[in-house]
Amino acid sequence: MTQPSATGAVGLKPHISVRNLNVYYGDQPALADVSVDIPDRKITAVLGPSGCGKTTFLRSLNRLVDSVDGVRVSGQVLVDDEDLFDPAAEVTHIRKKMGLLSQRPSPLPMSIYDNVAYGPRIHGQRDRAALDALVEHHLKLAGLWEEVRDRLRAPATSLSIGQQQRLCLARGLAVEPEIILADEPTSALDPVSSAHIEGKFRELRDRYTIVIVTHILRQARRLADYVIFMYMGRMVEHGPAAEIFDNPREKQTREYISGVIS
Amino acid sequence: MNRRAAEETFFKALMGISALAIVAALLGIVGTVLWKGLPTMNLDMVTKTPTGAFHLGGAGGVLNAIVGSLCLAGGATVVSACLALPIVMGLNVYSRRASRLVTFTRFSMDVLAGVPSIVFGAVGYILMRLLGLPASLLVGIIVVSLLILPIMIKAMDEMVRLVPAEMAEASAALGATRLETAFRVVARQALPGLATAVLIAFGRGVGDAASVLFTAGFNDRLPDSLGSEAATLPLMIFHQYNSPFPDVQNRAYASALILMVIILAVSVTARILTRRLSRHSIR
Ligand SMILES: Nc1ncnc2c1ncn2[C@@H]1O[C@H](COP(=O)(O)OP(=O)(O)OP(=O)(O)O)[C@@H](O)[C@H]1O
Ligand SMILES: [Mg+2]
């Protein structure tokens, strides 16, 4: 391990433990020997310049990296002591514990209602009344209910991009995950919608472990409890937000935070 | 006039001529069929089966061929769709994009789609004789299925490949299995395209003569079981046109008119379905 687990030092309970994670696209390494503990029910921000492997790291946490041709992964990602990359692990079961919010909203080709009900349905919920309640609850949680309550049967594409992103949030929350993974979730949104999503994250932080990739430093400062800084496929530094922002140990982190590299 | 402007004019003229040629060919075909077919067209043609004297110019109609063609193409379309859908989902959802099997399957489909239908008919005939089966609706359906399967797979594959990868990932990220992703999300997004692919294949099957020439048989009755022989419109047209009697020859155009109407109906249905089914699709 490159660093002793800093999370332990400040009394944070780890939720996801990444151990010696390496990811190669073909022969090209994208992540090299990453080890970190992601704290339970806190917002962890992943920072770093473009191409440093932030997306790759996030997609390793729910094994979506697997879908890329020629990808090779070694190391461990432990969620509740279950290794995600164990060949015997049941991927669908582990993914159910995580909601994903991508850079651009990716609604499913169905109605607003069905988008939110999709997760519960595939996990066996058939009861109409229960589904209605779930859909309403999670749309409220994502702050979209008031805007769509009268048109739940309309196609998801009839929503604005900002609304679609909140719909995707509601859809992810509806599988009742413990973890929310978000890859630059506000980069395609206007300032008002971005603020809306950020606000939601702040409301959800006590109940969910949130990992957010961002290249907006101010956003990270506003949201993060814990920060991971990456550079060229390596994890340079990680620690509580205050420490990283006010007192970075590594030169690269310092330069990134002061805007010398971006 | 400078050179670039001359080029522009030249290509505009070329495009105009090409467009004109296509429209003229279409009008020529439709016009001939209407002109020669309409006088011999009557209600009997589409409601009656041939009487004994029909092939000499006597009373009757081609209902047997209409029903035969619809059963044959309909059956083959159902069989092909049942095979094509899993294959296309296998290619796009289950396999790694660059795998050899995927590349090889796509290549085979390209080759098969280019094989003339008479080859399918001949191979079907040989197999039929080897298995000791009689020419029948069933054998016809099997041969036409093989003929339209690659066409359907290619058309579906093109549509399913357009489904954005993020969409399948969004489904997977919620804990969906690949089967759920394939049929609840990918197939749904591609639904208009899949419907069009099915109808294109049906159109191809209903109009093909060579594949059923030796394999489906030909008689004057309505087919009543999978084992009975089945007449088809393309073969009916072929026989009528080869008749020495001018009256019967003209009936070939009436039969062609019926076939054209069927194919037109299929195209229009495809259009309407595409519009209806794309309500939820994400563009
Ligand atoms: N599908 C892929 N195939 C091959 N190489 C890839 C693939 N995806 C990413 N890479 C490479 O892996 C490295 C890390 O990419 P990644 O997308 O994780 O970076 P990132 O930090 O998310 O960048 P950005 O801030 O621009 O989104 C890059 O060098 C990239 O070129
Ligand atoms: Mg990225």
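So you know, we letter chains A, B, ... as the sequences are listed, proteins then strands, and number each from 1. Note that this is a predicted model, so its numbers are computed, not measured.
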Legend entry - Under 3.5 Å side-chain donor-acceptor pair for Glu178(A) and Thr209(A): no

Inset, instruction - Measure Thr177(B) against the heavy atoms of chain A and call it side chain, backbone, both or neither at under 4.5 Å. - result: both

Inset, instruction - Check whether any side-chain N or O of Gln189(B) sits under 3.5 Å from a backbone N or O of Ile282(B) as a donor-acceptor pair, and report yes or no. - result: yes

Legend entry - Salt bridge present between Arg19(A) and Asp37(A) (N-O < 4.0 angstrom): yes

Legend entry - Tyr24(A) versus Ser74(A), side-chain donor and acceptor atoms under 3.5 Å: no

Legend entry - Portion of Ser171(B) that has a non-hydrogen atom of chain A nearer than 4.5 angstrom: both

Legend entry - Greatest number of heavy atom pairs closer than 4.5 Å to chain B - which of Ala156(A), Ser67(A), Pro155(A), Ser102(A): Pro155(A)

Legend entry - Salt-bridge criterion met for Glu158(B) and Arg161(B) (N-O under 4.0 Å): no

Inset, instruction - Check each atom of His123(A) against the heavy atoms of chain B and say whether the ones under 4.5 Å are side chain, backbone, both or neither. - result: side chain

Inset, instruction - For chain B, find which of Ala154(A), Pro107(A), Gly119(A), Ser158(A) contributes the most heavy-atom pairs closer than 4.5 angstrom. - result: Pro107(A)

Legend entry - Options Lys97(A), Arg171(A), Glu90(A), Lys96(A), ranked by heavy-atom pairs under 4.5 Å with chain B, top entry: Arg171(A)

Inset, instruction - Would you mind checking if Glu8(B) and Lys12(B) are paired as a salt bridge, meaning a charged N to carboxylate O distance below 4.0 Å? - result: no

Legend entry - chain B contact via Val91(A) - side chain, backbone, both or neither, heavy atoms under 4.5 Å: neither

Legend entry - salt_bridge(Arg59(A), Asp66(A)) N-O dist < 4.0 Å: no

Legend entry - Per-residue contact mode, Met110(A) against chain B (heavy atom under 4.5 angstrom): both

Inset, instruction - Counting only heavy atoms closer than 4.5 Å, note whether Asp69(A) contacts chain B via side chain, backbone, both or neither. - result: both

